[in-house]
Amino acid sequence: MVRVRFAPSPTGFVHVGSLRTALYNFLFARHHGGVNILRVEDTDRTRLVEGAVDNLLRTMEWVGITFDEGPEQGGEYGPYTQSERTDIYRKHANELIKNVKAYPCFCTAERLDEVRKKMQAAGQPPMYDRHCRNLTEEEVEVKMEAGIPHVVRLRVPLGETITFNDLVRGDVSFDSKTIDDQVLLKSDGFPTYHLANVIDDYMMKISHVIRGEEWLSSTPKHVLLYRAFGWENAMPKFAHLPLLLNPDRSKLSKRQGDVAVENFRDKGYLPDALINFVALLGWNPSATEEIYSMDELIAQFDLEKVNKAGAIFGKEKLDWTNAEYIRKKSPDELLVLVKPIATERGFSVSDDYLRKVIHLMQERARSTFDFIDFASYFFKAPTEFDEKSKAKNWTLDAKERMIEILTQFKSLSEWTHNSIEGVIRSYAESKTISAGKLIHPLRLAVSGVGMGPGLFEMLEVIGKEEVCKRIEYALVNLN
RNA sequence: GGCCCCUUCGACUAAUGGUUAGGUCACCACCCUUUCACGGUGGCUGCACGGGUUCGAGUCCCGUAGGGGUCACCA
């Protein structure tokens, strides 16, 4: 039975790297008919952010990643929030102490700092000097009774090679002498990631741990913990995913641009486009197809095809993917997305009108905001005019022609793109000039910019009265 | 610095040891066209380097270089 978990710590927004980890877990679970679990790792009480769990839940919902067990849906291995499981961790930590697999450590933060500094100065890797590792039972008892705060540390065996198999990378080995006597239980009684993670994965019967590569170097500690508990036979398989990278190839970080899923949502990216894009960062089904629905991703997903090397999170392709998804949407689907943006911008128009704008903008929009922000002339008359287009198209001749066009527009009984085009074409013909000589200045006068949808369709949508008003305004104000 | 991981066009990637090293984004040119976009055609640039193994290496082995991750009472 495949049982996987996504185990974020709720510290605010959802990082796109986390999104991809969550996605791969989800795809793997669904592909194998397994169980996808959400576990909230909130053991660092200093980094708790209010509302973060809720935000996480909503964000996962938005992208279409669902869970079978978790804080919301419950399940037979709960609770699924680590802060509600502290006595489990404490009990297990005590068991390790009793079995001489772990030991209490009374060193102060100051002492640890000093030790680290000394080792670094000596050119050594900064590790704990194992000062408390060999305290006698009596010494421990005295310190305990004196109420000296302590942590619990893993008693890492000396002189062993720890090897584990990673589904992405193959066998990976570490020399145990390079592994620190890791803190398992903090002095506040909360577990560290390592302890809580191993206990929970075991108790929740996790079959595959799929997580980011930043965890690869702590995996031997986890292996040691499974051994210490005697759970080695039930140890999950590991798969460490390549990192998502900044353009400079460092680990993707906030410093270098947007990394929050919420940012992308707020900038007009569609969830299916984001998912599609992120799925293909570090994994590829060996096909030339670029667009996959969630169902197709589930059908195709295979951990064996996950890459080893990190992938730069390049926004150009995301933009293209988003534009592809926008083109595939129905007008009504887009209406739902675009209408709130129009409202937010202070434009109140009918659904019918907005649908027409959407229709004209659909193949031009890369984000849902483009429907409004690159098409503002559908909602308000321009007061500024593109200088380039003005210099090129708003000539004396053009102005005079606009006066005649305006007259003809006013007497037009039927206002459709066909009738409008008729006026322009026949006028151009009568003057033996190219239609472009009329189209470009007209576009500038009505929209204020030099680009956009086909002019005739655009004028039809804006409407006769408004178009005439704008031409009159331009004739007076555009010099 | 120690340890670990990684390395195919600018980016994402494909390629039973046998291909003119393929696709997508981006970029450039042309076509379509009233502009922008879409669409179409073509182009551009890549196996990090050096040794092996092999009839044959992007693919296997070793080394070098470069990049990244990690070394907390954070996850």
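Note: hydrogens, waters and symmetry copies are ignored here, and every other heavy atom, side chains too, is used.
Comparing B:A75, B:A72, B:A14 against the side chain of A:Asn307 picks out B:A14 as the nearest. Closest to the side chain of A:Val172, out of B:U34, B:C74, B:C5, is B:C5. Residue A:Asp44 places its side chain closer to B:A75 than to any other of B:C36, B:G2, B:A75. Which of B:C74, B:G23, B:C12 sits closest to the side chain of A:Thr288 comes down to B:G23. Side-chain proximity of A:Ile312 to B:U7, B:A11, B:A72: nearest is B:A11. With B:A75, B:U34, B:U7 as the candidates, the nucleotide lying closest to the side chain of A:Phe456 is B:U34. Which of B:C71, B:A75, B:C25 sits closest to the side chain of A:Trp320 comes down to B:C25.
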Evaluate the side-chain hydrogen bond (donor to acceptor under 3.5 Å, both in side chains) criterion for residues A:Tyr427 and A:Glu404: first the C-alpha distance (whole Å), next the side-chain angles of each, then the deciding distance (0.1 Å), finally the verdict.
-> CA-CA 9 Å; A:Tyr427 182 81; A:Glu404 292 183 55; 3.2 Å; yes
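Under 3.5 Å, the side chains of A:Arg169 and A:His240 contain no donor-acceptor pair of N or O atoms. In the model, A:Tyr269 has no side-chain atom that pairs as donor or acceptor with a side-chain atom of A:Asn263 under 3.5 Å.
Within 4.0 Å of A:Ser187, counting heavy atoms only, lies at least one base atom of the nucleic acid. Within the 4.0 angstrom heavy-atom criterion, no nucleotide atom of any strand lies near A:Pro220. Within 4.0 Å (heavy atoms only), A:Gly454 reaches at least one base atom of the nucleic acid. Heavy atoms of A:Arg366 sit under 4.0 angstrom from primed sugar atoms or phosphate atoms, though from no base atom. The residue A:Val183 sits close only to the backbone: its heavy atoms come under 4.0 Å of sugar-phosphate atoms, none of a base. Among the heavy atoms of the strands lying under 4.0 Å from A:Ser173 are primed sugar atoms or P, OP1, OP2 only; no base atom is included. A:Glu214 comes within 4.0 angstrom of sugar-phosphate atoms only, judged by non-hydrogen atoms across all strands, and of no base. Residue A:Arg211 is out of contact with every strand shown, counting any heavy-atom pair closer than 4.0 Å. Among the heavy atoms of the strands, none lies under 4.0 Å from A:Ala435. Residue-level contact check: A:Pro441 touches neither bases nor backbone, having no heavy atom under 4.0 Å from any strand. Residue contacts shown for A:Leu455 include a base, since a base heavy atom lies under 4.0 Å away. When heavy atoms are screened at a 4.0 angstrom cut-off, A:Phe174 is found touching the sugar-phosphate backbone but no base atom. Contact annotation for A:Thr43: backbone-only contact, meaning every heavy-atom pair under 4.0 Å involves sugar-phosphate atoms and none involves a base.
Remark: A:Leu243, A:Arg249, A:Ser250, A:Lys251 in residues 243-253 of chain A come within less than 4.0 Å of RNA chain B through at least one heavy atom.
Seen from the ring of A:Phe264, A:Lys267 does not count as a face-on cation partner, given the 6.0 Å and 45° thresholds. Taking the ring centre of A:Tyr24 as origin, the terminal cationic atom of A:Arg20 falls inside the region bounded by 6.0 Å and 45° from the ring axis.
Pairing partner, B:A14: none, since no Watson-Crick or wobble contact has both distances short of 3.5 Å.
The base of B:C5 has none of its N or O atoms less than 3.5 Å from a complementary donor or acceptor on the side chain of A:Arg169. Checked by distance alone, A:Ser217 brings no side-chain donor or acceptor within 3.5 Å of a matching partner on the base of B:C4.
The NZ-P distance, from A:Lys315 to B:U24, rounds to 24 Å in whole Å.
Taking 4.0 angstrom as the limit, A:Lys177 places none of its side-chain polar atoms (N or O) nearer than this to OP1 or OP2 of B:G2.
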Name every donor-acceptor pair, under 3.5 Å, that has one atom in a side chain of residues 112-124 of chain A and the other anywhere in the protein, sequence neighbours excluded.
none

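Of the listed residues (A:Ile206, A:Asp201, A:Asp200, A:Asn25), just one forms a side chain to side chain contact (heavy atoms under 4.5 Å, CB included) with A:Ile37, and that residue is A:Ile206.
For the pair A:Glu41 and A:Glu289, nearest-nucleotide mapping onto RNA chain B gives the more 5' position to A:Glu289. Residues A:Glu363 and A:Arg425 both approach RNA chain B. Their nearest nucleotides, taken by heavy-atom distance, put A:Arg425 toward the 5′ side.
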